[in-house]
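Both backbone and side-chain heavy atoms feed into the values below; hydrogens, waters and symmetry mates do not.
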2 protein chains.
Amino acid sequence: MDDRAATDLAMLVLRAATEVVDGVQAGMAARGYDDLRPAHGFAFARIAAGDTTVVDLAEHLGTTKQAASQLVAGLVERGYVVREPDPRDARARLLRLTDAGEACTRAAEEAAAEVVAGWGELLPGASLGALHAILRRVVTPGPLRPAW
Amino acid sequence: MDDRAATDLAMLVLRAATEVVDGVQAGMAARGYDDLRPAHGFAFARIAAGDTTVVDLAEHLGTTKQAASQLVAGLVERGYVVREPDPRDARARLLRLTDAGEACTRAAEEAAAEVVAGWGELLPGASLGALHAILRRVVTPGPLRPAW
DNA sequence: CCTTCTAGTCAATTAGATTGACCACATGGT
DNA sequence: ACCATGTGGTCAATCTAATTGACTAGAAGG
């Protein structure tokens, strides 16, 4: 694959990501969640995994702990997240989704699935599975930067 | 493909995009371009295509024309872009890359190709081509949002 | 007990983007 | 030819989200 094709592939990945983000955002708005940005969604995904502190979140989002702290403050204000004491460390606060937060997470997953389903209609047979398999191979774990 | 797998695929796409952006950013810094953000690169790509005005750029980036104008002002200051009169419309200004701008664009393409080449090493045979083919099918043209 | 490191927040500043106002010119109708 | 309306672009003010810096409370280890 020459440079031209490689650059083109990189662009396609970026454009696909933009479609995901915009699609999820639109799907969320359609479900009544119009006060959340994509960064919030990424935070939800991490918090839902459990055992998450503000510092963990900051690493996951690739930002500073202060930025993560502010983000969480907003989510707490809106009732999506609660801060609970960490039984093992009195300094730390474990983050947990409220019922509203879990409902919101499900809505985001539905919206994401819709975008992917739309892709499925454009592709023959098992291509979606192939896409999944290929990406799983190349992608390494790391921060999911909410802003470029 | 169920919701779980679909959500997972969406996440993989986002993570892949983050890898591209971070990789290009690192590659650019390694080549001495440490004063440019990803958004600048997206602007370069559009301007390089030719016949671009500020308003075109704003659409391409999915932002306001004011934001695009400010971005261009920065690029002009740094000597990457010049504004030229549009022979067909005295209001409009056509944007054109300077030699420095073109060199920068080539550097970005090299950096992007490096990222993709890294993926190629993780994949068997023609998978990279398959990835390209699949993405080209699902992706529709549209803004390449530099920020989520 | 003392030093050092880490989790988290508060405060001030900054970078980028947005909204609103505005000018110069284009376009189309009368 | 003229006038109304629409578009390309910039300037200015404001807002948002992030960063840097300083600090407190508690952990960890000698």
Whole angstroms only, please: what is the [atom1]-[atom2] distance between [X] and [N]?
{"X": "Leu36(B)", "N": "dG16(C)", "atom1": "CG", "atom2": "P", "value": "11 Å"}
{"X": "Asp56(A)", "N": "dG8(C)", "atom1": "CG", "atom2": "C1'", "value": "13 Å"}
{"X": "Arg91(A)", "N": "dG26(D)", "atom1": "CZ", "atom2": "C1'", "value": "6 Å"}
{"X": "Asp86(A)", "N": "dG8(C)", "atom1": "CG", "atom2": "P", "value": "8 Å"}
{"X": "Leu71(A)", "N": "dT9(C)", "atom1": "CG", "atom2": "C1'", "value": "15 Å"}
{"X": "Leu94(A)", "N": "dT6(C)", "atom1": "CG", "atom2": "C1'", "value": "15 Å"}
{"X": "Leu75(A)", "N": "dA17(D)", "atom1": "CG", "atom2": "P", "value": "12 Å"}

Nearest 0.5 Å, what's the [atom1]-[atom2] distance between [X] and [Y]?
{"X": "Leu57(B)", "Y": "Thr63(B)", "atom1": "CG", "atom2": "OG1", "answer": "7.0 Å"}
{"X": "Phe42(A)", "Y": "His60(A)", "atom1": "CZ", "atom2": "NE2", "answer": "8.0 Å"}
{"X": "Met11(A)", "Y": "Arg136(B)", "atom1": "CE", "atom2": "CZ", "answer": "15.0 Å"}

I want to verify a distance call: between dG8(D), dG26(D), dG8(C), whose nearest atom is closest to the Val55(B) side chain? dG8(D)
Of all the nucleotides listed (dG26(D), dA26(C), dT10(D)), which has the minimum atom distance to the side chain of Ser69(B)? dT10(D)
[N] phosphate, OP1 or OP2, under 4.0 Å from [X] side-chain N/O:
{"X": "Arg37(B)", "N": "dA15(C)", "answer": "no"}
{"X": "Thr53(B)", "N": "dG8(D)", "answer": "no"}
{"X": "Arg93(A)", "N": "dA7(C)", "answer": "no"}
{"X": "Thr63(A)", "N": "dA18(D)", "answer": "no"}

What's touching nucleotides 19-21 of chain C from the protein side, N or O pairs under 3.5 Å?
residue: dG20(C); atom: O6; partner: Gln66(B); partner atom: NE2; Å: 2.8

What is the nucleic acid contact for Arg83(A), judged by heavy atoms within less than 4.0 Å: base, sugar-phosphate only, or nothing? sugar-phosphate
Whether the side chain of Asp56(A) engages the backbone of Thr53(A) through a donor-acceptor N/O pair (distance < 3.5 Å, no angle test) should be reported. yes
Taking atom CG of Asp2(A) as the centre, report whether more than 12 heavy atoms of other residues, nucleotides or ligands fall under 6.0 Å from it. yes
Pair up each side-chain donor or acceptor in residues 108-115 of chain A with any protein partner under 3.5 Å, not counting sequence neighbours, and list the distances.
residue: Glu110(A); atom: OE1; partner: Arg31(A); partner atom: NE; Å: 3.2
residue: Glu110(A); atom: OE1; partner: Arg31(A); partner atom: NH2; Å: 3.4
residue: Glu114(A); atom: OE2; partner: Arg31(A); partner atom: NH2; Å: 2.8

Quick one: do Arg88(B) and Asp86(B) make a salt bridge, cutoff under 4.0 Å? no
